[in-house]
Amino acid sequence: MSTAGQVIRCKAAVAWEAGKPLSIEEVEVAPPQKHEVRIKILFTALCHTDVYYWECKGYTPLFPRILGHEASGIVESVGEGVNDLKPGDHVLPIFTGECKECRHCLSEESNNMCELLRINCDRGVMLADGKTRFSINGKPIYHFVGTSTFSQYTVVHVGQVAKISPTAPLDKVCPISCGICTGFGATVNVAKPKKGQTVAVFGLGAVGLAAAEGARVCGASRIIAVDVNPRRFEEEFVNPKDYDKPVQEVIVEMTGGGVDRSVECTGSVQAMISAFECVHDGWGVCVLVGVPKKDDAFKTHPMNLLSERTLKGAFYGNYKPRTDIPMVVDKYLNKELGLDMDKFITHSVPFADINKAFDYMLQGIGLRCMIHLDA
């Protein structure tokens with residue numbers, strides 16, 4: 001029986017206040033409006049960004065809210081004006097969008113800074129009418145980055161939905177919607193290390209591990225991981241806490257002048273500075289990926305730039321969500337991507353145990369915990 005055009009009642013994990021465990025509630029999910037898609041979410045994973053906005057340390061609080069943005073599912077119904085998606089399509093909701101009409105989307109020099117659908121962590125409503133599609137007994141429940149995947153059904157703007165091959169295993173490709181592309185693309189598409197060069201990766205969560213995998217795929221001769229958790233990397237590892245001087249000085253000494261490329265995936269401003277100052281003068285390139293707190297400021301001496309080091313930022317791995325992500329999934333299916341998705345998914349829990357995923361991440365014992373919304 002079709003549910004198109006009707007309110008759907010389903011389970012969702014609602015964050016009622018900062019830092020408190022999520023509560024599994026029955027929510028009403030309204031039908032999609034113009035340029036919107038309603039998706040049945042089958043798998044979702046917890047990303048550090050969800051944790052940051054759940055904790056609300058340094059961010060604007062907005063509760064009650066349904067978090068979640070790394071996910072996979074199937075289109076249940078579409079709203080007016082949606083022509084390239086239909087019920088039954090397999091999709092990945094993406095936390096940033098591609099309207100395909102603005103200057104950024106049409107530019108060959110800008111990949112994912114869409115003027116309409118650029119990530120907005122403070123907006124909790126849909127663009128069409130400024131209202132939420134979630135409610136409990138008439139009380140609005142706010143959205144998160146336009147995806148809110150900690151719900152069995154969610155409503156997303158069509159520009160934030162990537163249609164993928166129906167043969168793709170939805171549990172395996174789920175991390176492509178955020179962590180994998182963010183880290184892997186930052187190395188492959190932005191840092192672009194040449195074969196034989198050295199690469200330092202700061203932060204070995206899922207994004208950092210994907211960045212390291214990107215360095216391996218590019219043929220880096222040496223990959224140095226910088227983290228305070230030594231369990232996360234089997235190759236060359238540097239723990240800043242083991243030294244009484246800045247870690248960038250340690251890396252410069254280790255490499256005889258600095259690494260050729262560095263990728264920062266922590267969000268710590270100090271790590272960003274270290275990542276930049278550890279690249280070799282003359283040709284070194286540092287790529288910043290981590291999201292800092294809103295009041296943070298990056299500080300380095302201008303001579304570090306005048307010495308011909310390059311500092312870049314990378315957002316979502318420089319991928320266009322609707323255009324590029326289907327091709328990334330196809331490359332994974334054809335074994336052309338060079339990534340083993342299994343190494344990123346360290347835990348798996350049923351939806352009722354979603355708070356365990358938060359525990360794993362806060363304890364630093366997992367990369368991605370796959371949450372089964374139909375279990």
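In what follows, every heavy atom counts, from backbone to side chain, and hydrogens, waters and symmetry copies are set aside. Predicted model, so just to flag it, every value in this text is computed and none were measured.
Ring pair W283/H280 is parallel by interplanar angle, where below 30° counts as parallel and above 60° as perpendicular. Ring orientation note: the planes of H35 and H157 are tilted relative to one another, at an angle of 30° to 60°.
With salt bridges taken as basic N to acidic carboxylate O contacts below 4.0 Å, one links K86 and D89. The existence of a salt bridge linking D374 and K40 is excluded, since no basic side-chain nitrogen approaches an acidic carboxylate oxygen closer than 4.0 Å. With salt bridges taken as basic N to acidic carboxylate O contacts below 4.0 Å, one links E253 and K245. With respect to the salt-bridge test (charged N to carboxylate O, under 4.0 angstrom), the residues K11 and E26 do not qualify. Ion pairing between a basic and an acidic side chain is recognised when a charged N comes within 4.0 Å of a carboxylate O; R368 and E70 show such pairing.
Of the candidates V199, I224, V252, I224 is the only one forming a side-chain contact (heavy atoms from CB on, under 4.5 Å) with V259.
Looking at heavy atoms from C-beta onward, M361 lies out of side-chain contact with C47 at the 4.5 angstrom threshold. Put simply, the side chain of S262 does not reach to within 4.5 Å of the side chain of V287, judged on heavy atoms. Inter-residue side-chain proximity for L22 and W54 is flagged as met; some heavy-atom pair is nearer than 4.5 Å. With a 4.5 Å cut-off on side-chain heavy atoms, S274 and F202 count as touching. Counting only heavy atoms from C-beta outward, the side chains of R133 and D129 approach each other to under 4.5 Å. Contact check for Q33 versus L127: no side-chain heavy atoms found under the 4.5 Å cut-off. Taking the side chain as every heavy atom from C-beta outward, C102 and C99 approach each other to under 4.5 Å. Using a 4.5 Å heavy-atom cutoff, the side chains of E98 and L117 are not in contact.
One hydrophobic cluster, built from ILVMFWY side chains closer than 4.5 Å, cannot hold both V7 and V27; they sit in different ones. Neither V145 nor V207 shares a network with the other; the hydrophobic side chains, linked directly or stepwise wherever heavy atoms of I, L, V, M, F, W or Y lie under 4.5 Å apart, form separate groups for each. Linking Ile, Leu, Val, Met, Phe, Trp and Tyr whenever their side-chain heavy atoms come within less than 4.5 Å leaves V190 and V328 in two separate clusters. In the hydrophobic clustering of this structure, L311 does not group with V226; members are Ile, Leu, Val, Met, Phe, Trp, Tyr whose side-chain heavy atoms approach within less than 4.5 Å, directly or through other members. The cluster map of Ile, Leu, Val, Met, Phe, Trp and Tyr, joined by side-chain heavy atoms under 4.5 Å apart, puts V188 and M341 in the same cluster.
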### Query
Between E25 and S23, is a side chain to side chain donor-acceptor pair (under 3.5 Å) present by the stated rule, with each step listed?
CA-CA 6 Å; E25 308 278 0; S23 175; 2.7 Å; yes

### Query
Run the side chain to side chain donor-acceptor pair (under 3.5 Å) check on T198 and D260 step by step: do they pass?
CA-CA 5 Å; T198 57; D260 301 298; 3.1 Å; yes

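Across all their heavy atoms, D122 and N120 have their closest contact at N-OD1, 3.0 Å.
Using modelled atom types, one finds a donor on one side chain and an acceptor on the other under 3.5 Å when comparing S348 with H372. In summary, the side chains of T167 and S165 do present a donor paired with an acceptor at a separation below 3.5 Å, with no hydrogens or angles considered. T266 and E264 share a donor-acceptor pair across their side chains, judged by distance under 3.5 Å alone. Defined by atom type and a distance below 3.5 Å, a donor-acceptor pair is present between the side-chain atoms of E277 and T300. When only modelled atom types and interatomic distance are considered, Q160 and T96 share no side-chain donor-acceptor pair under 3.5 Å.
Within a 6.0 Å radius of NZ in K331, other residues, nucleotides and ligands contribute 12 heavy atoms or fewer. In this structure, E80 places its CD atom where only 12 or fewer heavy-atom neighbours from other residues, nucleotides or ligands lie under 6.0 Å away. Within a 6.0 Å sphere centred on NZ of K320, other residues, nucleotides and ligands contribute more than 12 heavy atoms.
Between the CG atom of N112 and the OG1 atom of T323 there is a distance of 11.0 Å, given to the nearest 0.5 Å.
Ring-centre distance between F95 and Y316: below the 6.0 Å cut-off. Ring to ring, Y142 and F63 are not that close: their centroids are 6.0 angstrom or more apart.
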